[in-house]
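Quick notes on the structure that follows.
What you see is a predicted model, and the numbers here were worked out from it, not measured in a lab. To find a chain, count down the sequence lines: A is the first, B the second, and so on, and within it residues start at 1.
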2 protein chains.
Amino acid sequence: MPDDAPRARRHDPQRRDRIIDACLDVVVAHGVAGTSHRKVAAAAGVPLGSMTYHFAGMDELLREAFTRFATAASDQFERRLGAARDAAEAKAAVVALITGDVLTTRRDLVLTSELYTLAAREPAFRDLTNRWMARSRAALERHFDPVTARMLDALIEGLTLHRALDTEPHDAATAAEAVERITRPAG
Amino acid sequence: MPDDAPRARRHDPQRRDRIIDACLDVVVAHGVAGTSHRKVAAAAGVPLGSMTYHFAGMDELLREAFTRFATAASDQFERRLGAARDAAEAKAAVVALITGDVLTTRRDLVLTSELYTLAAREPAFRDLTNRWMARSRAALERHFDPVTARMLDALIEGLTLHRALDTEPHDAATAAEAVERITRPAG
DNA sequence: CGCCCGGGTGTACGAGCGTACACATCCCGC
DNA sequence: GCGGGATGTGTACGCTCGTACACCCGGGCG
């Protein structure tokens, strides 16, 4: 019994996880439009039959994949904001999130867009984005009042999106100024 | 020679336009993922062969379709802002755009999302969104300084998106307050 | 009036897709 | 140690897709 590479395939508990991760990779590379059972299977290194065995269909697979993505993004967001000790640090953390390289990679931009596109059409994915937004707002509400939190959340969304899509670079000072303004109640 | 309905097909100059409009309808109904030459042809009431005759491929068709959509949206935006006579009216116009039913229909949400998804991956579509954003910013700069215009543009984006995706309704007052804050320079 | 030419169309082909299902393989209880 | 049930896989089918290409037909010129 030589220890070939493709051994111990049976009862591989990571199999399902690997498929989900591979699914996100395929979505980044080819878009939801170009994502198929075959491509994901190839990317994950599993046989085609495993797809239908582990998932009822592409919809279920996509739902789990984007759940994982949204959860990871929320975790990052909460961690960054949780580390802030006062409003000033919270604002700095928000600016860092907008201008930094955490949520602003090409991969994150693509996945977020694809998720919103799905959410725009299918309620199941809309629930996902709603939970994501709710967690963001809750994290912001640890430092700001609910109304400000909601505005700030929207501002973060818009600035991140525009910064990511724009070809010419934005400077961080504009983002900082915007955060400063939105968190300052009108007289 | 009875004047049947399917007459005068030859040399129909509106044919191309009808295909583009039908393409947008199909995208709304099935997403870019589910848009095919066959579905668009059926929706437009033209033979399948017309697709490859008028367009080099799906990419060209989608590019023209989304160009039309983005141009129409920009026109709306400019018209609304152009009618404002001072900064106060401009702010009111912005709030109306965010909370109104012009850019916030399901159709617009879906098309915008799909466009951003394409832009996130393909430079050709990114140019499209960049021109759209540039026109919006230019329209805003008629009433606000460039930095404020950029912030406001991002805020509009975020608020519109969050309002459209959120299941529970937002009140217009929050949008108005956010616009008020973002247009008020920090001391 | 008739020919011809080019714009427009119907069809057929090969590729890629999701899914069903017969079958191989392994593990556990006896 | 061996039979049988559960777990996982390979394959084949039916479908939709984009595209190429042979053909149709109406209008313009000789």
*asked:* If you compare all heavy atoms of B:Val26 against all heavy atoms of B:Val40, which two are closest, and at what distance to 0.1 Å?
replied: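 Smallest interatomic distance, heavy atoms only, reads CG2-CA, 4.0 Å.
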_Quick check: closest heavy atoms across A:Phe125 and A:Asp59, and the distance to 0.1 Å?_
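That closest heavy-atom pairing would be CZ-O, 4.2 Å.
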Interatomic distance where [atom1] belongs to [X] and [atom2] belongs to [N] [whole Å]:
X: B:Leu61; N: D:dC17; atom1: CG; atom2: P; value: 14 Å
X: A:Tyr53; N: C:dT25; atom1: OH; atom2: P; value: 17 Å
X: B:His54; N: D:dT19; atom1: NE2; atom2: P; value: 16 Å
X: A:Met51; N: C:dA20; atom1: CE; atom2: C1'; value: 16 Å
X: A:Arg16; N: D:dT7; atom1: CZ; atom2: P; value: 14 Å
X: A:Glu60; N: C:dT19; atom1: CD; atom2: P; value: 11 Å
X: A:Gln14; N: D:dG8; atom1: CD; atom2: C1'; value: 17 Å

*Look only at the side chain of A:Arg121 and the backbone of B:Val28, and say whether a donor-acceptor pair between them is shorter than 3.5 Å.*
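Flag set: sc A:Arg121 to bb B:Val28 pair under 3.5 Å.
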*Looking only at atom types and distance, does a side-chain atom of B:Arg126 sit under 3.5 Å from a main-chain N or O of B:Ala120, one as donor and one as acceptor?*
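Checking the backbone N and O of B:Ala120 against the side chain of B:Arg126, a donor-acceptor pair under 3.5 Å is found.
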*A:Glu114 versus B:Tyr116, side-chain donor and acceptor atoms under 3.5 Å*: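 Result is no, nothing qualifies.
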Anything under 3.5 Å between a protein N or O and an N or O of nucleotides 11-17 of chain C, put it in a table, one pair a line.
residue	atom	partner	partner atom	Å
C:dC17	OP1	A:Ser36	OG	3.2

_If you compare every side-chain N and O of B:Arg15 against the phosphate oxygens of C:dT9 (OP1, OP2), does one of them come in below 4.0 Å?_
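Result: yes.
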*Tell me whether the OP1 or OP2 atom of C:dT9 has a side-chain N or O from B:Ser50 closer than 4.0 Å.*
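Looking at the OP1 and OP2 atoms of C:dT9, one of them is under 4.0 Å from a side-chain N or O of B:Ser50.
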*Relative to the ring of A:Trp132, is the ring of A:Phe69 parallel (under 30°), tilted (30 to 60°) or perpendicular (over 60°)?*
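If you compare the ring of A:Phe69 with that of A:Trp132, the planes turn out perpendicular.
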